Amino acid sequence: RLTGEPAGASHVRAVRDEILSLRRRPVVPCDDASCAFESSAAMGLHDLWVVASDASFTSSGASWCGLFRNSFHGALDGGSTVRLLALGRAPCDLSQGPNFRRIPCAAIRVANIQNEIALMEMLERLPSVAQFAPIVQMLMRRSDEQTLPPLLPPGVASRASTAASNHLAQLAVDRDLNPEQKSVLSDCSSWLSSSTVVGFAPRRSSDASESVCAAQLVHGAFGAGKSHTLAAAVTMLARALDDAKDDTTRILVAGATNSAVDTVLRGLQRAGYTGFVRVGSMRRIHTDILPHAVHSATGGDENATAADAIKEIQTALREARSRRQRAALMRELENARSDVASSRRSQVATARVVGVTIASASNASLEGQRFRIVVLDEASQMIEPQSMLPIVRFGAERVLAAGDPMQLPPILKVLPPASDHNGGLSRTLFSRLAKIGAVPTLLACTYRCHPALLRVPNVLFYGRRLRCGAAADDRSA
């Protein structure tokens, strides 16, 4: 089912290069007997399709060819139906009356672009440069004022700083933090003081103790405990703000994947802190986090309802692999059918800590909210616009970003040209901040592999700065 409703020029630009390369490939004609038809179960919302009047996939004469996006996929009129929206101008007359017009056509499903659609829709809703938060103004070198005010007024700051010091000392013991991890928490605790904060690199002055960095970078090698460190830092900040009775400073934990966000939030659970809410797809949230989850559809769907959550939990139940998972999902199914779900939804606006994926940061349930501290996990794997989305949308004044530039970089389908010395989208926010002065704290102690295996990457990539936190006997073959 095709419709000529445009999906926006930005969507066309995002996929043009991919489709141009697709159309340059030769088309092999086939008949129905030799074609392999794809199961509808493999299709999904926001799939990208190339649709044409015939299998030649050309636009000449009476033939037409165009790009479409899947806007609906499910059972309709007694069968499986995919409804496609034209990207840009429709390639043919798709005017329709009460009934959909039937047009014979050939179609190729190219790829799913759900994350790209959500990203571009959110970019379109972002404020103009003039309205950006001060931290972004300094990042873009558009502000003459190179300092940010303290987060807290003096009285509250004094109580929060004292509480942060106490919680840091306790967490260092309870969570077995090493010296580098304790250093990260100490740097973050300085945000709660009444000191002047300087952009992204502490200003060297006669009174350097009065300057702290607005962006803290954690360079965590593989197995060095990046998520463990972030969880400890968020726990310390949240507890200190609770103790100081501050009601203005909230923390957003964001990551590129559900796994990254849930790993940090599970770290909060292990530390005994439960004052958080997780916003996202119930099907994709870890079962340990479900008691804190609020269902909200990716892309800011304002009509996400309890029925949607129930459907997702039921799907997760069918996919569950263990008795423990099924038990947790059954409890959550009962909650979704009661008033518990609506009670949790009301907590989204007040919870000290909220966890979302970057894609879920556009959810309507977060509209108009402010998070003065944003924590980014996997920051070296996200393209820069993804990292900036939560920072800009929620008016962040402090940023804690963890990543490892020596590991997997952002995955790009189209690499920047060699003439782009800035690296284009291959340069991450993590790398930009490090380049302009924010000094990453290296988590040098890794606990994952055998000491002999560690030697290779340590020499080749990390300048022999890593040390092994695991004994050889603990990592025997």
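For the single chain, residues carry numbers from 1 onward in sequence order. Just so it is clear, the model here is predicted, and its values are computed rather than measured.
- In the displayed structure, R326 atom CZ is contacted under 6.0 Å by more than 12 heavy atoms of other residues, nucleotides or ligands.
- Without hydrogens or angle criteria, K226 side chain to A402 main chain gives no donor-acceptor distance under 3.5 Å.
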Practice task
Show your working on salt bridge (charged side-chain N to carboxylate O under 4.0 Å, His left out) between R324 and D288 and close with a plain yes or no.
Solution key: CA-CA 10 Å; R324 180 173 175 271; D288 289 350; 2.7 Å; yes
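- With values rounded to the nearest 0.5 angstrom, R283 atom CZ is found 12.5 Å from I313 atom CD1.
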Practice task
Determine, step by step, whether T249 and I373 satisfy the side chain to side chain contact (heavy atoms under 4.5 Å, CB included) criterion, reporting the C-alpha distance in whole Å, the side-chain angles of both residues, the deciding distance to 0.1 Å, and the verdict.
Solution key: CA-CA 7 Å; T249 306; I373 299 175; 3.9 Å; yes
Handout entry: Intermediate values then yes/no, side chain to side chain donor-acceptor pair (under 3.5 Å), S259 and T257
Key = CA-CA 5 Å; S259 175; T257 64; 5.0 Å; no
Exercise for the section: Would you please test T315 and R318 for side chain to side chain donor-acceptor pair (under 3.5 Å) and show each step? Expected result: CA-CA 5 Å; T315 301; R318 291 193 294 270; 3.2 Å; yes
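- At distances below 3.5 Å, at least one donor-acceptor pair connects side-chain atoms of T229 with backbone N or O atoms of G225.
- Salt-bridge check for D262 with R278: passed, with a basic side-chain N closer than 4.0 Å to an acidic carboxylate O.
- Within the structure, every pair that satisfies the salt bridge (Lys or Arg N to Asp or Glu O under 4.0 Å) test and touches residues 349-365, not counting sequence neighbours, is listed here: D242-R352, D246-R352.
- Rounded to the nearest 0.5 Å, atoms CG (L389) and CZ (F394) are 9.5 Å apart.
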Practice task
For the pair T441 and Q216, evaluate side chain to side chain donor-acceptor pair (under 3.5 Å) and give the outcome as yes or no after the intermediate values.
Solution key: CA-CA 8 Å; T441 299; Q216 302 292 345; 5.5 Å; no
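- Checking side-chain atoms of Q407 against main-chain N and O of G403 turns up no donor-acceptor pair under 3.5 Å.
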Exercise for the section: Evaluate the criterion salt bridge (charged side-chain N to carboxylate O under 4.0 Å, His left out) for residue pair R337 and E332; output intermediate values, then yes/no. Expected result: CA-CA 9 Å; R337 289 169 172 162; E332 196 55 37; over 6 Å; no
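- With contacts defined as side-chain heavy-atom distances shorter than 4.5 Å, the pair L85/F68 does not qualify.
- The backbone N or O of G395 lies less than 3.5 Å from a partner atom in the side chain of R370, making a donor-acceptor pair.
- Within the model, atoms CD1 of I391 and CG of L429 stand 5.0 Å from one another, a figure rounded to the nearest 0.5 Å.
- Side-chain contact between Y273 and L265: absent, with no pair of heavy atoms (C-beta onward) separated by less than 4.5 Å.
- In plain terms, the two heavy atoms of I251 and A238 that are nearest each other are CD1-N, 4.0 Å.
- Between T350 and R250, the shortest heavy-atom distance links the atoms N-NH2, 3.7 Å.
- With values rounded to the nearest 0.5 angstrom, H228 atom NE2 is found 13.0 Å from T263 atom OG1.
- Contact annotation: the side chain of F371 never approaches that of P390 to less than 4.5 Å [non-hydrogen atoms, C-beta and beyond].
- Distance OG1/T235 to CG/L268: 3.5 Å, rounded to 0.5 Å.
- Between the side chain of N458 and the backbone N or O of L466 there is at least one donor-acceptor pair closer than 3.5 Å.
- A 4.5 Å side-chain heavy-atom check between L48 and R109 finds every atom pair outside the cut-off.
- In this structure, V50 and C65 have side chains that are in contact, with non-hydrogen atoms separated by less than 4.5 Å.
- Atom CE of M330 and atom OG1 of T287 lie 14.5 Å apart (nearest 0.5 Å).
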Handout entry: side chain to side chain contact (heavy atoms under 4.5 Å, CB included) evaluation trace for R344 with H292
Key = CA-CA 7 Å; R344 283 187 204 158; H292 305 273; 6.0 Å; no
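- A side-chain donor-acceptor contact under 3.5 Å links R345 to the backbone of H295.
- A224 approaches Y447 most closely through the heavy-atom pair O-CE1, 4.4 Å.
- At least one side-chain heavy atom of V279 sits under 4.5 Å from a side-chain heavy atom of S365.
- You'll find the side chain of V51 stays beyond 4.5 Å of the side chain of F57, heavy atoms only.
- S346 and S343 are not linked by any side-chain donor-acceptor pair at a separation below 3.5 angstrom, with hydrogens and angles left out of the test.
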Problem - Worked check of side chain to side chain contact (heavy atoms under 4.5 Å, CB included) between F276 and I289 - result: CA-CA 10 Å; F276 64 86; I289 305 298; 4.1 Å; yes
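- The two atoms that bring A233 and C188 nearest to each other are CB-SG, 4.5 Å, heavy atoms only.
- Using the six-membered ring where Trp is involved, Y462 and H219 have ring planes that are tilted, between 30° and 60° apart.
- Using a distance-only test at 3.5 Å, with no hydrogens or angles considered, a donor-acceptor pair links the side chain of W191 to the main chain of C213.
- Remark: Q381 pairs with E378, L408 by the side chain to side chain contact (heavy atoms under 4.5 Å, CB included) rule, at least two apart or across chains.
- Inter-residue side-chain proximity for V374 and E397 is flagged as unmet; no heavy-atom pair is nearer than 4.5 Å.
- Nearest heavy atoms, A361 versus L366: O-CD1, 4.2 Å.
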Exercise for the section: Check the pair V261, H286 against side chain to side chain contact (heavy atoms under 4.5 Å, CB included), reporting the backbone distance first and the verdict last. Expected result: CA-CA 10 Å; V261 177; H286 194 282; over 6 Å; no
Exercise for the section: Walk me through it: do T248 and R372 pass the test side chain to side chain donor-acceptor pair (under 3.5 Å)? Expected result: CA-CA 8 Å; T248 64; R372 302 176 75 186; 3.1 Å; yes
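- With hydrogens and angles ignored, the 3.5 Å screen pairs a side-chain donor or acceptor of S380 with a backbone N or O of D404.
- Between A401 and F430 the shortest heavy-atom distance is O-CE1, 3.7 Å.
- The side chain to side chain contact (heavy atoms under 4.5 Å, CB included) test with L400 singles out one residue from L237, D377, L230, and that residue is L230.
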